[in-house]
K.L.:
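The structure under discussion is supplied below as structure tokens; questions concerning it will follow.
Basis for what follows: all heavy atoms, side chains included, without hydrogens, waters or symmetry-related copies. Model, not experiment: these values are computed from the prediction.
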Amino acid sequence: MITVLKPQATDEQRKQLVSWLESQGVTVHVSKGAYQTVLGLVGDVSAIDMDLLKLLDIVEDVKRVTEPYKEANRKFHPEDTVIKVADASVGGGHFAVIAGPCSVESEEQIVEVARRVKAAGATMLRGGAFKPRTSPYAFQGMRAEGLELLSIAKKETGLPLVSEIMNENHLDLFEDVDVIQVGARNMQNFELLKALGHTRKTILLKRGLANTLEELLMSAEYIMAGGNENVILCERGIRTFEHYTRNTLDISAVPALHEMTHLPVIIDPSHSTGRASFVEPMALAAAACGADGLMIEVHNDPQHALCDGAQSLTPDQFDRVMEKVRRVREVLV
């Protein structure tokens, strides 16, 4: 249930109403916008008399929320959430670009790539230390050593770090990581999501290979229900009958999610297509349809990459993509 307050409602009146509602056994989340304040009621709201609420002088409207996700619901939080990661911001008109190799392979590699993507305009550095792979014989990442190399690149460039976690037992290793990524395969690893809900790290949550948008938001709800509201959603392609591309990029997920939730939504054109030649057009489409950012794989030597070289851009290619993305955003603004 949500309660919309009238613009003239005072802070004291709002506090009194919140106190009364909480005495009825529900949790109240206050969302104060520029023109409107919304109270989101979570819990057993059956005891709350909607008609009585509507009669209060400071109440403009009362609505029941039928969607199972509450914290992530735009009805609870009408204005876009802006998430700050160091000097970077995502959402609410702020466009973020996360770039770097699929996996960390050496200090020289990650530092070189970090310098190049920062020079091109990237706002965060991605790099995999723990790699979930379909084959148990494929390169699984450098693990803790990879995270240490990412920290070196962070010191060299100042870029905030984004890296994927596989197990809640590894949380202590991610102390220097600014944004913890939950990959597509772990989108419904609910125990992991609960553990991340008790942290204050920003969480980048990727949509699963065959999951609906509502299921994605329910996974975000697991994190937010634990008290961590710093969640970024990522569309990275879904599995369809088409085999020409690695996955099928659901570009319509961006406007759809913007209607459903206040959380930032970014696009990963690298994993969604699996082909470096398709990254640029998909990145431009993402910018044009209103995505809040991009996540792009960049490798200094894609042909010899230990992971996903076919979908990785070279630094020079990334430079060109960034220039074109800037042009598209200038037209939209």
K.L.:
Taking the basic N atoms (NZ, or NE/NH1/NH2) and the acidic carboxylate oxygens, is any pair closer than 4.0 Å for R207 and E215?
P.N.:
no

K.L.:
Taking T240 as the fixed residue, which of T248, T245, N247 is the one that meets the side-chain hydrogen bond (donor to acceptor under 3.5 Å, both in side chains) rule?
P.N.:
T248

K.L.:
Charged N to carboxylate O under 4.0 angstrom, R115 versus E156?
P.N.:
yes

K.L.:
Run the side chain to side chain donor-acceptor pair (under 3.5 Å) test on H262 and N73 for me, step by step, so that the C-alpha distance in whole Å, both residues' side-chain angles and the decisive distance to 0.1 Å come before the verdict.
P.N.:
CA-CA 7 Å; H262 54 92; N73 201 317; over 6 Å; no

K.L.:
Strictly below 4.0 Å, N to O, side chains only: are R74 and E259 in salt-bridge contact?
P.N.:
no

K.L.:
Please check if atom CD in E107 has more than 12 non-hydrogen atoms from other residues, nucleotides or ligands closer than 6.0 Å.
P.N.:
no

K.L.:
Against T202, only a single residue in I180, D178, V179 fulfils side chain to side chain contact (heavy atoms under 4.5 Å, CB included); can you say which?
P.N.:
V179

K.L.:
Decide whether a cation-pi geometry holds between R275 and Y244; the criteria are a distance under 6.0 Å from NZ or CZ to the six-membered ring centre and an angle within 45° of the ring axis.
P.N.:
yes

K.L.:
Using the ring centroid of each side chain, check whether H170 and F130 are separated by less than 6.0 Å.
P.N.:
yes

K.L.:
N228 side chain to L196 main-chain N or O, any donor-acceptor pair under 3.5 Å?
P.N.:
yes

K.L.:
Kindly say whether G91 contributes a backbone atom to a donor-acceptor pair with the side chain of D80 at under 3.5 angstrom?
P.N.:
no

K.L.:
What's the separation between atom CZ in F76 and atom CG in L41, rounded to the nearest 0.5 Å?
P.N.:
7.0 Å

K.L.:
Would the distance check show the side chain of S19 and the main-chain N or O of Q16 forming a donor-acceptor pair, the cut-off being under 3.5 Å?
P.N.:
no

K.L.:
Run the salt-bridge test on E191 and K194 with the 4.0 Å N-O cut-off and return the result as yes or no.
P.N.:
yes

K.L.:
May I have the step-by-step check of side-chain contact (heavy atoms from CB on, under 4.5 Å) for K63 and K75, ending in yes or no?
P.N.:
CA-CA 9 Å; K63 301 177 182 177; K75 293 176 183 176; over 6 Å; no

K.L.:
Any heavy-atom pair between the side chains of P78 and V38 that's under 4.5 Å?
P.N.:
yes

K.L.:
Any chance you could lay out the side-chain contact (heavy atoms from CB on, under 4.5 Å) test for I110 and E105, step after step, and finish with the verdict?
P.N.:
CA-CA 7 Å; I110 191 62; E105 298 170 7; over 6 Å; no

K.L.:
For a 4.5 angstrom cut-off between non-hydrogen side-chain atoms, does I267 reach L249?
P.N.:
yes

K.L.:
Any ion pair linking D308 and R246 (charged N to carboxylate O, less than 4.0 Å)?
P.N.:
yes

